[in-house]
Every structure is written in structure tokens, then in C-alpha cells.
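Chain A is the first sequence line, chain B the second, and so forth, proteins listed ahead of strands; every chain is numbered from 1. For the numbers below, each heavy atom of this structure counts, side chains included, while hydrogens, waters and symmetry mates do not. Given the structure is predicted, the values throughout are model-derived calculations rather than measurements.
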Number of protein chains: 2
Amino acid sequence: MATVSRQETAAREAWGLLMELAFANKSRFIAAMAEFDLTPALGHVLRLLQPGKPLPLNDLAVALHCDASNVTGLVDRLEARGLVARQPGERDRRVKELVLTPEGLSVRTQVLDRMGTPPEGIRALSAADQRALRDVLRRALGRGQ
Amino acid sequence: MATVSRQETAAREAWGLLMELAFANKSRFIAAMAEFDLTPALGHVLRLLQPGKPLPLNDLAVALHCDASNVTGLVDRLEARGLVARQPGERDRRVKELVLTPEGLSVRTQVLDRMGTPPEGIRALSAADQRALRDVLRRALGRGQ
DNA sequence: TATTGTTATACTCTATAACTATA
DNA sequence: TATAGTTATAGAGTATAACAATA
């Protein structure tokens, strides 16, 4: 047989590099959230809570891919900080909806800006490389043309 | 002034897509490690422990970007499972080095193979896209030509 | 004095199970 | 009966501080 077994394909290497980039960014992300006195998990809650769109706690649990019991504690902490508020659901009295407070909205805006800022390695790429990366990743996520 | 403020640049969008891909992969990674009865953290320890290269616990803490006190517990669990062993350092008697057991080596090989397998979105890309992604990421990590 | 590793302790994130109040 | 949210509890991962052994 030919020399086939366990060769490093472009896909495998690309995936390894992508994970390396994401992993290297982990500390940076934790530090960025810490500037707002937030943990990564709390930052994700703020990210998912869109302004003007009350979010049932159950939907939040689904979006976070975690158990509903987990959400209680996360929301408790954000509420104690005055960043979010629980309000009763409109139709179903079992439901509690989460909304941003004015300060929560302000913090969220800053947090999203920070989260979305690419690390140095990406920023240093040529404009053509940045576009190529964007286009390939769009296709990888099923959003290509 | 021209329309400049807060436009979505290619770099920002690429970074957002990259994080989305990494985040979507998180559950997949946890599930893959669980097949070996490992948590992600324990999987990373195995990944960092190269065959034939005894690794001082302190070096492991540095590689994991975590405190040394944390490493004690991680290694305790892997040692209890028979996947690694502590052995005294060669020159410095303060140092304990970590080595893979034969079973640890076997598990590590399978774990690395799993970790390195790209998710469906990457595998479905054209060969040209896969190479383009690899090449751009190499440059982003400072390993381009 | 400084370093390696451990122990004691505490906090966050996560899950499961049992509970409540609704539906 | 089923669902939304909470509480109780437990385990993993992380950190800081204090400690023992060694350098």
C-alpha cells in the first residue's frame, strides 16, 4: 500500500491551529472579563441578553447549553450586581424573564466590544488574508454563498 | 467625516466566526474526553505529557497556565487511574517528574487522535479552502513563510 | 532565602434530584 | 401530568496562603 496512514492533512492541521489560537486566547478572554469584574460565564449571559428582548430563564439555559439549575446562580450574581433584573412573564406565571438594567446595557456594550476585538495575530494579517479567513469560516459555519 | 465608526471589519467578523466555531465545538470536546472517562483538563495534561519526556510538575503548571497547587489534584486523579506516575527528579530532589504509564501512552494516543479530528464544518470544506484556512492560520500564529 | 510540591481553604461552574407553583 | 424555576448537594477546576523538604 501507499504511504497513507496518519498523514497530517490540511484539514487536521488547520483544526489544530484553530484550537491553538482559541486556547491561547483563553487567558486573554478571562482577563478582559475580569476588567468588568465578570467571569467568562457571566460575560456570556450578558452577551446572550439582547437589549429590549426579555429572555425567559429557561431559554437562557438552552442558549448556554447548561442545566436550568445552573442559571439561577448566574442570574443571582448579575442581579445582585444590578446588571439584570428578573420580571414576571407576560402570559405564563411560571416564567421569569430576564432584562438588562441601564447599567447592564452599558456594561454589555463594552463587553461585546472587547469580546469581538481580534487578538494581535489576526489583526496583523493582511487585509486579503483577513477576508479569506472570514470567507472560509463563513462556509465552515454553513453561511457561505 | 466618512462612515467609519463601528463598521464590521473582515478581521472582527472572522474573529467572531472563529470563536463561534470554537464555542460550538466545546460540547463535542467534552463528550469526546468523556468517552475515555476524562475531563477536558485531564485530557490536556495527557496531551502535554510527551512519551519518553519526563515532565516536572512545575513545568506542567506553566504549560497549563495554572497554579502549581492545582496540578497536584489533576495528577492525583491520573495517577489513581494508572495513566501516569510520579518519579523523583534526577538532580534536584525537590522536583517530581511525571511520566506516562504504558496504559497512559495508549490512552494519550487515542485522545490526541480525537482532539485533532476536525468537526464536520471543517471536513466539509473544499480541499482548496482547507489549505487556505491552514495557510492563513499559520500566518496568524507567526508560522507563515 | 528561594523553589518545588503539598495541604487547607474558598469560590465558581457544573450537574442531578427533590421541591414549589403554576399550567 | 408536565413545565419553569429554585434549593440542596456534590464534584471538578481554579486560586491564595501556609507549610515541609530541599537548594
Side-chain angles (χ1 to χ4, degrees), chain A residues 23 26-49 54-81 83-99, chain B residues 23 26-49 54-81 83-99:
Chain A
F23 187 65
K26 195 180 160 191
S27 308
R28 180 175 164 269
F29 181 58
I30 293 172
M33 291 304 102
E35 286 179 40
F36 303 100
D37 271 303
L38 292 171
T39 58
L42 296 183
H44 283 302
V45 173
L46 285 188
R47 173 176 62 83
L48 293 166
L49 188 53
L55 184 66
L57 296 192
N58 218 6
D59 294 9
L60 179 56
V62 171
L64 288 169
H65 304 296
C66 78
D67 192 84
S69 66
N70 193 8
V71 168
T72 300
L74 295 173
V75 170
D76 281 350
R77 255 165 296 164
L78 288 177
E79 196 168 33
R81 292 267 305 274
L83 302 180
V84 305
R86 286 170 166 101
Q87 68 183 24
E90 308 239 322
R91 281 174 286 283
D92 190 333
R93 276 189 300 173
R94 290 173 302 181
V95 173
K96 288 179 192 168
E97 293 175 341
L98 204 61
V99 292
Chain B
F23 187 65
K26 195 180 160 192
S27 308
R28 180 176 164 268
F29 181 58
I30 292 172
M33 292 303 101
E35 285 178 42
F36 302 101
D37 271 301
L38 292 171
T39 59
L42 296 183
H44 283 303
V45 173
L46 285 188
R47 173 176 61 84
L48 293 166
L49 188 52
L55 183 66
L57 296 193
N58 218 5
D59 294 9
L60 179 57
V62 171
L64 288 170
H65 304 296
C66 79
D67 191 85
S69 66
N70 193 9
V71 168
T72 300
L74 294 173
V75 170
D76 281 350
R77 255 165 295 164
L78 288 177
E79 196 169 34
R81 290 267 305 272
L83 301 181
V84 305
R86 285 170 166 101
Q87 69 183 23
E90 307 241 320
R91 282 175 286 283
D92 190 333
R93 276 188 300 172
R94 290 173 302 181
V95 173
K96 288 180 192 169
E97 292 175 340
L98 203 62
V99 291

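Looking only at side-chain heavy atoms (C-beta outward), A:Leu83 and A:Leu42 stay at 4.5 Å or farther from each other. Counting only heavy atoms from C-beta outward, the side chains of A:Val45 and A:Val71 never approach each other to under 4.5 Å. At least one side-chain heavy atom of B:Leu46 sits under 4.5 Å from a side-chain heavy atom of B:Val84.
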Please tabulate, one pair per line, all N/O donor-acceptor pairs under 3.5 Å involving side-chain atoms of residues 62-69 of chain A, not counting sequence neighbours.
unit_1: A:Asp67; atom_1: OD2; unit_2: A:Ser69; atom_2: N; d: 2.8
unit_1: A:Asp67; atom_1: OD2; unit_2: A:Ser69; atom_2: OG; d: 2.7

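The CG atom of B:Leu55 sits 14 Å away from the C1' atom of C:dT4 (whole-angstrom rounding).
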For B:Thr72 and B:Leu57: C-alpha separation, side-chain torsions, deciding distance, then whether side-chain contact (heavy atoms from CB on, under 4.5 Å) applies.
CA-CA 8 Å; B:Thr72 300; B:Leu57 296 193; 5.7 Å; no
Which is it for B:Val95 and B:Asn58 under the side-chain contact (heavy atoms from CB on, under 4.5 Å) test, yes or no, and what are the steps along the way?
CA-CA 8 Å; B:Val95 173; B:Asn58 218 5; over 6 Å; no
Quick one: do B:Leu74 and B:His44 satisfy side-chain contact (heavy atoms from CB on, under 4.5 Å)? Show the steps, please.
CA-CA 10 Å; B:Leu74 294 173; B:His44 283 303; over 6 Å; no
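Applying the side chain to side chain donor-acceptor pair (under 3.5 Å) rule to A:Arg86 yields the partners A:Asp76, A:Glu79; only residues at least two apart in sequence or on another chain are considered.
DNA chain C is contacted by A:His65, A:Cys66 of residues 56-66 of chain A, taking any non-hydrogen atom closer than 4.0 Å.
The phosphate of C:dT3 (OP1 or OP2) has no side-chain N or O of B:Arg91 nearer than 4.0 angstrom.
The nucleotide range of DNA chain D contacted by chain B, defined by atoms under 4.0 angstrom from heavy atoms of the protein and reported 5' to 3', is D:dA12 to D:dA23.
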Between protein and nucleic acid, restricted to nucleotides 16-22 of chain C and to nitrogen or oxygen atoms under 3.5 Å apart, what atom pairs and distances do you find?
unit_1: C:dT16; atom_1: O4; unit_2: A:Ser69; atom_2: OG; d: 2.7

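If you take CG on A:Asp59 and CG on A:Leu98, they are separated by 11.0 Å, rounding to the nearest 0.5 Å.
Residue pairs meeting the salt bridge (charged side-chain N to carboxylate O under 4.0 Å, His left out) criterion with at least one member in residues 29-45 of chain A, sequence neighbours excluded, are A:Glu35-A:Arg114.
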